[in-house]
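Please read the structure below before turning to the comments.
Counting starts at 1 for both ligands and their atoms, in listed order.
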Amino acid sequence: MNYELVIGLETHVELSTESKIFCSCGGHSAANEPNDCVCPACSGMPGMLPVMNKRVVELAVTAGLMLNCDINKYTTFDKKNYYYPDLPCAYQITQLNHPICTNGCVTLKTSAGSRDIRIKQIHMEEDAGKLVHGGKYSYVDFNRTSVPLIEIVTQPDFRSAEEVVTYLNKLKSMFRSGGISECEEGAMRCDVNISVRPEGSEAFGVRTEIKNMSSFEAIERAIHYEAQRHMDALEFETEELVQETRRFDDASGKTMAMRNKETESDYRYFPDANLMPIIIDDAWLDEIKAKKPAAVDEKAEDYRAAGISEKEIDMLISNHKVSKLLDDIVAMGCKAKDAAAWILTDCAGILRKDGKTLNDLTITAEKLFAVTSMVDRGDINRNAGKKILIAIIEDDVDPVAYCKEKGLDKKFDASAVEAVIEKVIAENTQSVQDYKNGKVKAIQALFGACMKELKGAGDPAVIKTVLEEKLK
Ligand code: ADP
Ligand code: MG
Ligand code: ZN
C-alpha cells in the first residue's frame, strides 16, 4: 500500500530582546559563566513577581503579522505545572487559553509547487534553564530561564520532509530580516509530530512527537526514520503504534521512546493571576504594523528590481543588520546596486582581512553614506573612498575630516595630479625615452609610479589622460 506522510510542527524561537521576558536580566546570550545572568525573579525566589517585557509582545505580534495571523486583542498567560530541576518555580509561564496570534498561513515554494501551511497559533512563553551533567553530579544553569520564546504551532499540513525544511528556512530568514530572532543554532527548536495514513484516506493515523530538534539536517533524517517505522508497523505489524514522545539519536539515526504522550490535564494549567491580561488596542497595533519590515518575498523583489544579484539578495535577506544598513543609505540617496557593492564587497572584504564577518560591522549609515556620496559627487574616486572606509571600520574616523587630512580629495582633480606627473616624468627619464622610441608599454611603468606617488588615491582615467598629454 502507498502511504501519505502527515506532519505538524511546534517551533520554539528565542526572541532577540535586550532582557528576559519577566525580569530585567539580560538575554542569556550576554552571559559568559553559568548563572551570571540570574536574579531573584527568574530563579524563582519566594515572593518575586513577573513583570511583562513589552518588547516580547511587539515581536510576537510582528511574527504573527509576517505569518498572516489574526492578532488577538486580548491575550493572557497561564501556568503549566511540572517539576524539573531546570524549572525553579515548578511551573512554566505560557499561554493556553488566549494565545496572542491565531489562524495564520504561510506559502511555501517546493519542488511539488506552491503549498499553503496553516498556522494554528503563536504563543509567548518563557524558556527553562539548562542541566549540565558531569560525573557524579548534575548542575543547573539558570541563564536561559525566562528567556522569551514564541512557539509557532502549525496544523498537520506538511506532507514531506522537504516541505518541513523549506518552512523552517523560510521562518529563519523572515525572523532574521524582521529582527525577531537571530535564529542561531539552538535558538530555534522544533517538536516534530508525525503520522502516516493510506493514500487517499481522510482519517489521521496515530501520531508520535519527536522532541527538541534543532538541526535541520537531523530533522530531515528523523522524519525519514520515523515515517518508515510507522509504515512498517502498519504494513507488517512489526509493532503497535502508540501516541508517545520520542527523541532522535543522532549517532544511530534512530528515534526512541521517551515517555507516553502527556495530556493537557497532566499539567494542571491555570491562569497566571500574577500577570494582567494584555490588551492590544488599535493604536498599538498600528504602531507595530508601521515598524514591521517588508515581508521577505516583497523585499527580495524590491532588491531584484533594483538590480541586486541573487547571491547578494540571499546575503541581505538573511542578515537584518546588513539589509537595514543598505535600506538606510538607499533612503539617503545611494543607488541600491552601489550600496550592495560597498557593503557586501568592500566592507565585507575589509572585515575579512581581520578574520571578521559582516556581523561585526559597526559603521553607521551616516558615515557610510558620507563616503558613497563623496564618490558619487566626484569629490573623490572610488579608491580614495575605500581608503576612508578602511579608516572608518578600523578606527571609526570622521570621513570628511579624514579625507581632508589625508588630502584624498585634492589628488583627484587634474591640476593637482599634474604636478605629481611632472615629477614622475622628470625622475624616470629611461621610461620616457623608451616610450618616445615607440615602446608604448613603457607608459605602464610611469602610470604605476604616479599611482604610487599618489598613494593609490589618484583617479586612473585622469592620470592616463594627463600622462599621455605630457608625454606628447
Ligand atoms: P497537543 O495539544 O497534544 O500538543 P495539538 O493539537 O496542539 O496537540 O497538536 C500539536 C501538533 O501536532 C500540531 O502541530 C499539530 O499539527 C500536530 N498534529 C496533530 N495531529 C497530528 C497527526 N495526526 N499527525 C501529525 N501531526 C499532528
Ligand atoms: Mg502541543
Ligand atoms: Zn532575572
Side-chain angles (χ1 to χ4, degrees), residues 3-12 17-28 30-31 35-45 48-53 56 67 78 80 88-89 93-97 99 102-106 117-123 125-129 141-148 151-161 163-164 167-168 171 190-198 201-213 219 222-223 226-227 230-231 234 241-246 259-267 269:
Y3 290 93
E4 181 178 53
L5 193 51
V6 173
I7 304 171
L9 288 190
E10 296 160 282
T11 310
H12 300 85
T17 52
E18 280 173 25
S19 52
K20 291 185 176 182
I21 182 168
F22 301 123
C23 64
S24 55
C25 290
H28 84 294
N35 296 308
D36 74 352
C37 204
V38 172
C39 73
C42 60
S43 58
M45 293 295 146
M48 300 305 296
L49 292 172
V51 177
M52 184 67 209
N53 180 343
V56 172
L67 297 175
D78 300 277
K80 178 179 178 178
C89 291
I93 303 178
T94 179
Q95 298 196 281
L96 177 75
N97 294 317
T102 42
N103 293 327
C105 179
V106 31
I117 305 297
R118 289 167 301 155
I119 306 291
K120 184 176 167 192
Q121 67 174 60
I122 302 178
H123 56 262
E125 61 186 26
E126 57 179 344
D127 209 342
D141 177 1
F142 290 137
N143 282 344
R144 204 178 65 184
T145 311
S146 274
V147 163
E151 177 174 342
I152 303 129
V153 184
T154 75
Q155 297 289 358
D157 287 348
F158 299 97
R159 296 292 173 266
S160 69
E163 287 176 6
V164 168
Y167 164 83
L168 290 171
L171 282 195
C190 287
D191 301 338
V192 184
N193 297 269
I194 300 186
S195 63
V196 302
R197 63 182 172 189
S201 150
E202 286 284 311
F204 286 134
V206 172
R207 74 166 140 131
T208 52
E209 176 173 9
I210 312 169
K211 276 278 180 204
N212 212 11
M213 309 270 301
I219 290 172
I223 292 173
E226 189 63 7
H230 282 231
M231 288 187 284
L234 297 180
L241 289 177
V242 287
Q243 189 175 343
E244 65 186 356
T245 303
R246 298 176 72 86
R259 54 178 188 252
N260 289 341
K261 171 86 185 137
E262 56 292 314
T263 61
E264 219 170 277
S265 57
D266 291 328
Y267 288 118
Y269 278 97

For this session: Number the atoms of ligand 1 from 1 as they appear, then name those within less than 4.0 Å of a heavy atom of Gly205, with their elements.
Result: 23 (N)
For this session: Using distance alone, decide if ligand 1 has a nitrogen or oxygen within less than 3.5 Å of any nitrogen or oxygen in Gln243.
Result: no
Exercise. Are the side chain of Glu163 and the backbone of Phe158 linked by a donor-acceptor contact shorter than 3.5 Å?
Worked result: no
Problem set entry | Side chains of Val38 and Thr145 in contact at under 4.5 Å (non-hydrogen atoms) | no
Exercise. Can you list the atoms of ligand 1 that are under 4.0 Å from a heavy atom of Ser195?
Worked result: 22 (C), 23 (N), 24 (N), 25 (C)
Problem set entry | Atoms in ligand 1 with a heavy atom of Leu9 nearer than 4.0 Å | 14 (O)
For this session: Would you confirm whether Asp191, through its side chain, and Glu10, through its main-chain N or O, come within 3.5 Å as a donor-acceptor pair?
Result: no
For this session: Select one of side chain, backbone, both or neither to describe which atoms of Val6 lie under 4.0 Å from any atom of ligand 1, heavy atoms only.
Result: both
Problem set entry | Ligand-residue contact atoms, ligand 1 with Pro156, heavy atoms, under 4.0 Å | 16 (O), 26 (N), 27 (C)
Problem set entry | With Glu244 via side chain to side chain contact (heavy atoms under 4.5 Å, CB included) - residues at least two apart | Thr208, Arg229, Val242, Arg246, Ala257
Problem set entry | Leu5 and His230: CA distance, side-chain angles, deciding distance, side chain to side chain contact (heavy atoms under 4.5 Å, CB included) verdict | CA-CA 10 Å; Leu5 193 51; His230 282 231; over 6 Å; no
Exercise. With respect to atom 12 (O) of ligand 1, which of Asn193, Leu5, Thr245 exhibits the smallest heavy-atom separation?
Worked result: Asn193
Exercise. Residues in side chain to side chain contact (heavy atoms under 4.5 Å, CB included) with Thr17, at least two apart?
Worked result: Leu15, Asn53, Arg55, Val56, Leu59, Pro148
Problem set entry | Enumerated ligand 1 atoms positioned under 4.0 Å from heavy atoms of Val153 | 13 (C), 14 (O)
For this session: Please list, in chain and residue-number order, the protein N/O/S atoms closer than 2.8 Å to the Zn ion (ligand 3).
Result: Cys23 SG, Cys25 SG, Cys39 SG, Cys42 SG
Exercise. Under the criterion side chain to side chain contact (heavy atoms under 4.5 Å, CB included), which of Leu9, Ile210, Val164 is the partner of Ile219?
Worked result: Val164
Problem set entry | Phe204-ligand 1 polar pair, N/O distance under 3.5 Å | no
Problem set entry | Gln155, portion touching ligand 1 at heavy-atom distance under 4.0 Å | backbone
Exercise. Considering residues at least two apart in sequence or located in another chain, which fulfil the ring-ring contact (aromatic ring centres under 6.0 Å, His included) criterion with Phe142?
Worked result: none
Exercise. So, do Leu67 and Leu171 sit near enough that their side-chain heavy atoms are less than 4.5 Å apart?
Worked result: yes
Exercise. Taking the side chain from Lys20 and the backbone from Cys37, do they hold a donor-acceptor pair closer than 3.5 Å?
Worked result: yes
Exercise. Within a strict 4.5 Å, meaning less than it, do heavy atoms of the Asn97 and Tyr269 side chains meet?
Worked result: no
Exercise. Who's closest to atom 13 (C) of ligand 1 heavy-atom-wise, of Thr154, Leu96, Thr263, Ile119?
Worked result: Thr154
Problem set entry | Location of contacts on Lys120 toward ligand 1, heavy atoms closer than 4.0 Å | side chain
Exercise. Under 6.0 Å from the CG atom of Asn260, do we count more than 12 heavy atoms belonging to anything else shown?
Worked result: no
